[in-house]
Amino acid sequence: HRAKRLRLGVQIYNDRLAYNSTIKVTLRGQLRSALTNNEFVLYYQPKVDIRQKRLAGVEAIVRWNHPDEGLLQPGLFIDLVEQSGIIHAFTRYTLELAVKQIKAWSALGYELPVSVNLSAYNLLDSAFIPFVRELLDKSNIKPELLEFELTESATMVDIAVSRRVLANFREMGIKTSIDDFGTGMSSFAYLRELDINTVKLDQSFIAGITHEPRDAKIVEGIVSLCRNLNIEIVAEGVESQEQADVLEQLHCYIVQGYFYGRPVPASEITINLNGHERLTQ
Ligand code: C2E
Ligand code: MG
Ligand code: MG
Ligand code: MG
């Protein structure tokens, strides 16, 4: 029975791989039209301050509202976007959407920080900084409401370039964070080399935090290191009250994860904001 089940598992796995690679060929050919038809949409996932019990900000996460396939997760298409040469146009588009949303929330009286995920290629694009500067100029949002999330691998491509680009962001007033922190090969090198505001602890550490003493110890160490360096810390992938309780004991107070909310359309965030006191007068 066991062998049979295993073989069946492999069969299902292969079918899914085959499905994924078939659909990817199709998707690749549709990226450009998706961009011009506004099929990419931003969902927003809450970041919660567990001590103050209030929304600390949101992360903008892209979805592809595909006419035939329905709502697609980024895992299915972000690598295609990055390989296809539309990544520059794509990121500009997501940034414009996020800035519009910051403006809309600000107009309602809510100054809600929004983080946007960048790709490694964006840091290597010399036109990116001028684009961001112009976007900030014409949108008139408070730059500190915008944050860029970068992965360790993105900053690793060229550390000198990354350092320069991050200095430009800081000079513009934009915040920066290292996403999925702890999954790269040289996490600590980035803390040394790069001037960043926030570390986002990868969800793989959080998953074991309640029952793996090692994970808890590692998180504890990263939290105290970040505090000494004056770097904010956000825990990703928090799925239970128990995990949140342990994080609070470890002095990690900003959390993000399904326990607090999945990524949702902006309108759902706005509904929840209406229940909150306004962040500004
Ligand atoms: P990320 O930036 O680390 O985003 C967090 C991912 O973890 C999201 O997956 C989110 O739905 C998921 N997540 C959040 N809370 C939980 C939880 O409690 N449990 C579990 N199991 N998962 C949780 P998603 O939407 O599939 O996004 C995957 C990745 O795609 C993102 O990882 C990010 O690297 C990339 N991505 C998303 N939007 C963009 C974008 O606009 N531009 C670029 N370049 N990349 C993006
Ligand atoms: Mg992210
Ligand atoms: Mg992440
Ligand atoms: Mg992650």
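Atoms within a ligand are numbered from 1 in the order they appear, just like the ligands themselves.
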Residue pairs passing the salt bridge (Lys or Arg N to Asp or Glu O under 4.0 Å) test where at least one lies in residues 79-101, sequence neighbours excluded: K24-D79, R92-D125
Parallel, tilted or perpendicular: rings of Y44 and W105 (30°, 60°): perpendicular
Under 4.0 Å to a heavy atom of P263 - the qualifying atoms of ligand 1, by number: 11 (O)
Validation row, ring centre F90 to ring centre Y121 under 6.0 Å: no
E239 neighbourhood, listing ligand 1 atoms whose heavy-atom distance to it stays under 4.0 Å: 17 (C), 18 (O), 19 (N), 20 (C), 21 (N)
Under 3.5 Å side-chain donor-acceptor pair for E59 and N117: yes
Region of Q45 that comes within reach of ligand 1 [heavy atoms, distance under 4.0 Å]: side chain
Minimum non-hydrogen distance to atom 25 (O) of ligand 1, winning option of R63, Q73, E59, R262: R63
N-O pairing of K142 and E111 below 4.0 Å: yes
Pair F148 and F169, ring centroids less than 6.0 Å apart: yes
Proximity to ligand 1 by part of V116, non-hydrogen separation under 4.0 Å: neither
Numbered atoms of ligand 1 (with element) below 4.0 Å of G257, judged on heavy atoms: 15 (N), 18 (O)
Atoms of ligand 1 close to E236 [distance to a heavy atom under 4.0 angstrom, numbered from 1]: 3 (O)
Region of Q256 engaging ligand 1 - heavy atom pairs below 4.0 Å: neither
Structural part of V62 in contact with ligand 1, heavy atom criterion under 4.0 angstrom: both
For Y253, side-chain hydrogen bond (donor to acceptor under 3.5 Å, both in side chains) partners two or more places apart: H251
F181 CZ to T151 OG1 distance, which is reported to the nearest 0.5 Å: 12.5 Å
For E193, salt bridge (Lys or Arg N to Asp or Glu O under 4.0 Å) partners two or more places apart: R163
N or O pair under 3.5 Å between Y258 and ligand 1: yes
Salt bridge (Lys or Arg N to Asp or Glu O under 4.0 Å) between E171 and R133, worked out: CA-CA 10 Å; E171 178 253 314; R133 210 181 289 278; 3.4 Å; yes
Contact (N/O only, under 3.5 Å) between T94 and ligand 1: no
NZ/NE/NH1/NH2 to OD/OE distance under 4.0 Å, E149 and K200: yes
Atom indices of ligand 1, in the order listed, that fall short of 4.0 Å to a heavy atom of I61: 4 (O), 8 (C), 25 (O), 37 (C), 38 (N)
Environment of the Mg ion (ligand 2) in terms of protein N/O/S atoms, cut-off under 2.8 Å: E59 OE2, N117 OD1, E149 OE1, D179 OD2
Which segment of D179 sits under 4.0 Å of ligand 1 when only heavy atoms are counted: side chain
Flag if over 12 foreign heavy atoms under 6.0 Å of NZ, K103: yes
